[in-house]
Each structure stands twice: as structure tokens, then as C-alpha cells.
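What follows is one structure encoded as C-alpha cells, with my remarks underneath.
Heavy-atom basis, side chains included; hydrogens, waters and symmetry copies ignored. As the structure is a computational prediction, the values presented were derived from the model and not from experiment. Just so it is clear: chains get the letters A, B, ... in the order the sequence lines come, proteins before strands, and each one is counted from 1.
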4 protein chains.
Amino acid sequence: MSRLFHPPAPEPNTKQRILAAAQHLFACQGYEKSTTRQLAEAAGVAEGTLFRYFENKNAIFVEVVTQGWSELLTELLTELSEIESYGAVAEMMRHRMQNLQHHSELLRVCLMEAQFHTELRDRIQTELFSKMLGVVEAFIQTGIERGIYRPLNPTKVAHVFLGMFIMAGFGATVLNENEAPPTPDIELAETVADIFLHGLLTPPE
Amino acid sequence: MSRLFHPPAPEPNTKQRILAAAQHLFACQGYEKSTTRQLAEAAGVAEGTLFRYFENKNAIFVEVVTQGWSELLTELLTELSEIESYGAVAEMMRHRMQNLQHHSELLRVCLMEAQFHTELRDRIQTELFSKMLGVVEAFIQTGIERGIYRPLNPTKVAHVFLGMFIMAGFGATVLNENEAPPTPDIELAETVADIFLHGLLTPPE
Amino acid sequence: MSRLFHPPAPEPNTKQRILAAAQHLFACQGYEKSTTRQLAEAAGVAEGTLFRYFENKNAIFVEVVTQGWSELLTELLTELSEIESYGAVAEMMRHRMQNLQHHSELLRVCLMEAQFHTELRDRIQTELFSKMLGVVEAFIQTGIERGIYRPLNPTKVAHVFLGMFIMAGFGATVLNENEAPPTPDIELAETVADIFLHGLLTPPE
Amino acid sequence: MSRLFHPPAPEPNTKQRILAAAQHLFACQGYEKSTTRQLAEAAGVAEGTLFRYFENKNAIFVEVVTQGWSELLTELLTELSEIESYGAVAEMMRHRMQNLQHHSELLRVCLMEAQFHTELRDRIQTELFSKMLGVVEAFIQTGIERGIYRPLNPTKVAHVFLGMFIMAGFGATVLNENEAPPTPDIELAETVADIFLHGLLTPPE
DNA sequence: TATGAATGAGGATTCATTCAT
DNA sequence: CATGAATGAATCCTCATTCAT
């Protein structure tokens, strides 16, 4: 009888449900304004249940951000590693930017809220970001050495490269006139990519 | 003569002191985490005094942001209007970016926190931002018509242009390894300007 | 069986305990002077607990008054409906007034504090009071038609009738020399009833 | 020159202006809800000025109430002393009640708010009320002795007599459906007087 | 294990009162 | 003497966290 209702974990994992709800809530309202009550409700659990899976509210945030960045950068890294031509970066950028929409919530949480959680920011820095920068930097460096890219400081270019995504990611939200679901401005993404690539490539003789 | 001493307000204006303290606090800790107690202490006044000058905590925020954007964009506008050569944009950008440091706190507050204050964001949009975009757009448009800039969508380019400042403004904070007062990465600024300009200019035959 | 022990709520219902404490406190100190801290302490709960049961302090007040009037008038109505002789009103009045003591706190709260809570007063008016007046008025009207009562305006007499209870209820408190729990002045009640009835009855030829 | 503007006391006495404003405010909003700011504004003085005339907010209240009761009872006393026939009480009551409207604010303040100011209530009791009761009691007593009034307990009758005014005074406010300026229900007053007198008088053989 | 009632520290805000001018 | 800016204690209320069931 007690088997008829598999009561404890019928849904695809309580913990992930909480994290998903949290990501959404944090993106929409910010960390501080999201109450554990809302969190619990959104995740479909009781308030007390949150604290069975996470030590406290902050721990939820940390996990959202950690998972988020990891996922984000992994994808970027993968795509970067599969690139063939150094001129084809543009294509990849376009592709990437177009589905930034998919990750826009995550970006919001990671970039905006994470600012104020020092210990988290530092971990992200050392564990994920610097590695990422290293990879992009190496990529650029090679492009420069082969004469495809102009001879700029590859470290800085790598920063600009990543910054570009960030900007395109929620620049829309900040600069745009639109409300809630910031439709990814594809043309904007294209323009960013275009300018970036033109600015980077060695002009053909 | 007896006017020379006004002891209760010897400092350059209580209201401005509050706003300055608020800008700093909001930038460092975020709006929600900054308590009115801290605010008062930082401004060197009693907690109750805050509410003689502002209806509530949010009103302080609104004024910080409004003043901030206004100042920021006015400067930009001024500099833009004084530009002569369309190729000299780079120089202006460099100059602008270098003293973004001065405004970095403001940018943080305006871009990050203002997200969650809808009514404020909207006002900023209509009153400041769209005007600004219009000016830049017109500038780019002319550049394009004169064949100096490549034939891109001027609206989007204007977005990228403003986004650039934003990015350079706190990109440092997000991407950098450094702590609180992010020394403005001048070389980064130069690189951004360089890439942008190269990406924009029509290549010389 | 394990149901017999529900330790966190051994007392007869937290909500009712709060309401009882509130009635007492409001009667003794008035609404404004009663702090939520005192309320919580008097009810034997934490301050925060109040707000699990009531949206805010005012909601507590509203419920005290609503329950109070309802109870008060229901009793009155019941007794009135059970009356047989139109001359026996005096007996009922005496009985009623004697246990006004029991309700004196309620009367205090309802009559004094409710003055300033407009929306509440209005609800009481329409939902309870006017009905009540209607019943009494009809009763008086019949008494007049049968020649038992003198031919006065039954509406006004009904007002006087209800006013009598009110007066006797806390008139003591206002006029008396005694302190807090005003012992119900039975003789006063008798006198009020006596005067009222003599004033109302058609004098025997 | 300083004579052209008789600055300090041009209006008919600052202190009385404050008291008048206070009476009105206390009657409308209650003591606790009336802020010193409102008080000052209503009286047309600066907030600090209040404290030149009264030690604190409570002192203002005490003076309003003391003056009020005094005035109220003095009038009543006067009228009572001018009465000729013991049956003419009704006329006096009618007259009195009709201009209760004039004093309704005062009654509200004295009866409702004064409840919670113990030391004030006690002073009123001993200094004014008990004297008043004594006078009325003596009046009734005489009426009884002369066989004009029925042989009831004169103390209690005196209570009822005063209670009647109170009731008629703000009974309107409580029982009536009307809003702000409680028009004095003359017919109600008449009915009260009528019932009271009929209830009191020895029936004619 | 999951619940949700209870908690109480902490937050924004009000307001009587003071005091330098 | 009148002013009103400054004060800070005290208020109502929120919300992360605990714990008995």
C-alpha cells in the first residue's frame, strides 16, 4: 500500500527542482528579495524542506551560481575547441549569442548577484574564470602568431571577448526598452560579432 | 557674519552627504543589504535624519541613480559633441574609459541594482537612455554616410558603443581578480577602443 | 492516541488566545498604546507568531470587534426573541445588564476604539447594527400597536434601548470612581431598566 | 520698524490656538494618532513652539480635557440651578441635548481618550464629576421628597441623568449611520428626555 | 523524510522632544 | 521668543531558521 504512492521522490529530484526555482526567482527578483517562502512554493516543497537539502539560503545561491557558471563556460569551451578556422570565430559567436537567451537568467544571477558574495566570487574566479580566460587567451595568441589577428595584447582581447558575451547577454535588458522576457536581439548579436571580428582580423592587403 | 557659522550643517549639505554615502554603500553591498542604520552611520547623521530628506530608503536609491545617470550621460554627450574627426572617436573613448574609474561605483549601482526597480528603470529609459542612443546613432549614421564607417545598422552600433562603456566600466569588476576598487584597466580600455574602432572603420583601400 | 499530545499547541488554540489577550489589552490601554510586543507577551507567543494568524495589528483589532459585536448582539437577540410579555422587558434588561460585566471589556473596545477605524465601523453598522435596530424597532412597534407602550417613534425608542445597554455597560467606567474592573453596578442597572420601562409603558388608567 | 509687525502674539493667544487645534484633532483622530507635527500645523505654529507652552504632548491633552469638562459641567450646573419646576427638567434636557452638538468634540475627547490617562481621569473624578453628581443628586432627592419623582435611589438616578447626556452626545456617532458631522438627532434627544421624564415622574392619579 | 508552526533578531520608519540659531 | 533640523528610542513587521510531529 505504501508502495502505491512513491511518496518521497516522485518528481525528478527535489534538489534540482529547488535549484531551478531558485535560479528563476533570483534572476527575477534578486537574491535578497526572494524569500524562502517563495522559494519553497515555487519548488513545490515545504519551507522546512529547503533546509534538508541546503544548509541555508546562501548555500542555495552558491550552488545555483556554481552550477551555472560551470555549465556556461563548459559549453563555451566545447564550442571553442571545435572551431576550425580562426576566422570562423564569428560564426561561433553568433551561435553562442543567439542562445544566450536560454542562459540569460543564469547570467543575470551570476553577474549581478554574485558580486556581493565575496567568497563565491573568488571561488568562481580561481576555479572557472581564470581557466577560461587562459583558454581564450591561448586561442587568440595563436591567431595573432599566425598573423590572422592583429597584434594586440591577447590577455586583453580575451577579456573583451568574454565581456562581449556578457554585454550581449544582458545588455539587452539594460539598454533595451522592452520589458520582461528580453528577446535576444539577434541583429545586435550579429553586429557585436561583426565589429569584434573586423576589429580583430588583420586587414587583407 | 553670523551667517558664517551654521553649526548644525557645517558639512557641504546633509542631503548630498547622504547621497554620497548611499552611492558608496549600494555599490559595495547592494541596495538590499545596505541597512538604513549603516547608511546613517556612513553619512554621519542619525537614522531618523535620513527620512527628513527622503521619503524612504527607496527614494534615496532613486535619487542616486537618477543623478548618476544624468551626470554620466551628460559628460558623454558633451565629449561627443566636441569631437571633430570621425576617426578621433577612439581618442575620446580612451579618455572616457580612463575616468570610468571615477564613475565605477555609479555604474555598478545603476546597472545592477536598478534592474529590480522597474519604475526607475523605465524612467531612466525614456528620459535619458533613448535620447542618448539617438545622439550616438545620429553620429554613427553620419560617419557611415560619409563612408568613414562601415555600413552597419547604426542603431545597433550605437548600442554596442554604449555597451562598450558599460562593459569596460564594470567588466573589470566581474572579470578581474582584484577586490573592491577596481583599478581601471587602461590597457583594457585601449584594447576595447581599438577593436571597436577597427571594427567600425571602413578599411583603407 | 498519539493525537492526544500536540505539544506546540496544548492551549485551546493560539488564535483565540491572541484574540483574548488583545481584547483585554485594547480595553485596558487602547489600541494605539498596545504594542505588538505586549500583545505577544500577553498571549504567550512570540511577536512574529501574531503575524502568522493576522495580517497586521489592525486585523487583530478588526477580528476582536467583529467577534465581539456579533456575540453581544446575538445574545441580546436571543433573549429578546424569547420574551413573552411586553411588560417583561424589564426583567430581561436586568438580566442582560447584570452580565454586561462579562462583556464590559468588549464594549469598551467596540465603542471607543472602533470610532477611529472607519471601514470597520461601517461594516459593523451595516452588518450588525442596523439589523439589530430593526428587530428592536419591530418589537417596540408591536408593543405600541397593542397599546402597551406609549406612542413614541419606535425607531428612536430602539436607539434609546440599545443606548441604554451601552451606557450601563461602560457608563460605570466613565462615571464611577472605581478603577479597572468596574464591578457592575446592579442597582444602577435596575434603575436604568426601571426608568426606561416606566417611561415607555402606557400609564394604567 | 519692529513695531510694524507685532510678531510674537498677533493672534488671539497662541496657547488657546494650540488647545483648540488639539481638541479638534484629538476628537477626529484620537490622541495617539495625532502627531505633534499635525498639531503644530493645525495651530499655525512651529513644532518646537508647542513645547514652550506645554511640557509635553500629554500636557496638552490634560489641559484640553480639564478645560473641557469644566466648561461642560459648569453650563449644565448653571442651567440646572435656573430651573424652576421639577417637571420642567425635560425642557432643560431638550435644550441641553440640542446643543450637545456644539460640544460633541469635547465629549468625544473627554469620554474616550481620557479613559487611558489614569491620573487625569482621577482628577476629573474628584474635582468635577463627584461634585456634579452631588448637585444632581440633591436636585433629584428634593424632587422625590416632594413626591414629584418616584421614590428611586437618587444617586443612581443622577448617574442615569448624566449618562443620558453622554449617550445622546455621542450615541449618535456610534449608533448612527451617518458619517463625520453627527447632526444632533433632535428627535432622539426628545425621546430620551421624554422617556426619562415619564420614567421618573410619579404617575398622576 | 517532509512538514509548517513557532521563533526572534533585525529592518524600515515614525515621532516626541531638544537645542542652536 | 519662535523656529525647525536633528535625534534615537520605540514601533510594526519580515523572514531565515529550528524542531516536534
Side-chain angles (χ1 to χ4, degrees), chain A residues 7-9 14 32-41 44-60, chain B residues 2-10 14-15 32-41 43-60, chain C residues 2-3 5-10 14-15 32-41 43-60, chain D residues 7-9 14 31-41 44-60:
Chain A
T14 306
E32 298 287 349
K33 269 194 192 149
S34 305
T35 71
T36 50
R37 170 125 61 173
Q38 292 175 314
L39 231 66
E41 195 173 5
V45 298
E47 220 172 334
T49 305
L50 298 179
F51 296 90
R52 300 212 139 274
Y53 290 94
F54 302 92
E55 195 172 349
N56 48 31
K57 188 187 169 191
N58 189 66
I60 302 180
Chain B
S2 65
R3 189 62 43 83
L4 286 176
F5 292 78
H6 36 153
T14 305
K15 188 165 183 176
E32 298 287 350
K33 270 196 190 145
S34 305
T35 70
T36 51
R37 169 129 57 178
Q38 291 175 316
L39 228 67
E41 197 170 2
V45 297
E47 219 172 333
T49 304
L50 298 180
F51 297 93
R52 285 191 64 73
Y53 290 93
F54 302 93
E55 198 169 348
N56 47 33
K57 189 186 167 192
N58 188 66
I60 302 181
Chain C
S2 65
R3 188 64 43 82
F5 292 80
H6 37 153
T14 305
K15 188 166 182 175
E32 299 286 350
K33 269 196 190 145
S34 305
T35 70
T36 52
R37 172 133 50 182
Q38 291 175 315
L39 227 67
E41 198 171 1
V45 298
E47 217 173 334
T49 303
L50 298 180
F51 298 93
R52 288 190 63 74
Y53 290 93
F54 302 92
E55 198 169 348
N56 47 33
K57 188 187 166 191
N58 188 65
I60 301 180
Chain D
T14 306
Y31 173 75
E32 298 288 347
K33 270 194 191 148
S34 305
T35 70
T36 50
R37 170 123 63 173
Q38 292 175 313
L39 231 65
E41 195 173 5
V45 298
E47 220 172 335
T49 305
L50 298 180
F51 296 90
R52 299 211 141 276
Y53 290 92
F54 301 92
E55 195 172 350
N56 48 31
K57 188 187 168 191
N58 189 65
I60 302 179

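- Residue B:E41 contributes atom CD, which lies 13 Å from atom P of F:dT7 at whole-angstrom precision.
- An OP1 or OP2 oxygen of E:dC15 is reached within less than 4.0 angstrom by no side-chain nitrogen or oxygen of D:T36.
- Rounded to whole angstrom, the span from the CD atom of D:E55 across to the P atom of E:dA16 amounts to 16 Å.
- Taking atom CD on C:Q38 and atom P on F:dC12, their separation rounds to 9 Å, with Å as the unit.
- Rounding to whole angstrom units, CD of residue C:E47 and P of E:dG11 are separated by 15 Å.
- Positionally, the nearest nucleotide of DNA chain F for C:T35 lies more toward the 5' end than for the other of A:T35 and C:T35.
- The closest donor-acceptor contact from the side chain of B:K33 to the backbone of A:E32 lies at 3.5 Å or more, if one exists at all.
- The separation between B:Y53 atom OH and E:dT13 atom P is 18 Å, rounded to whole Å.
- Contacts of D:T49 with the nucleic acid, taken as non-hydrogen atoms under 4.0 Å apart, include base atoms.
- To the nearest angstrom, P of F:dC13 lies 11 Å from CG of C:L39.
- Atom CG of D:L50 is separated from atom P of E:dT18 by 12 Å (rounded to the nearest Å).
- The CD-C1' distance, from D:E32 to E:dT14, rounds to 13 Å in whole Å.
- Of the candidates F:dA2, F:dT7, E:dT18, E:dT18 carries the atom nearest the D:F51 side chain, counting heavy atoms from C-beta on.
- We find the CG-CZ distance between D:L50 and D:R37 to be 12.0 Å, quoted to the nearest 0.5 Å.
- Ranking E:dT3, E:dA12, F:dT3 by closeness to the A:R52 side chain, first place goes to E:dT3.
- Of the candidates E:dA16, E:dG11, E:dT13, the closest approach to any side-chain atom of D:K57 belongs to E:dA16.
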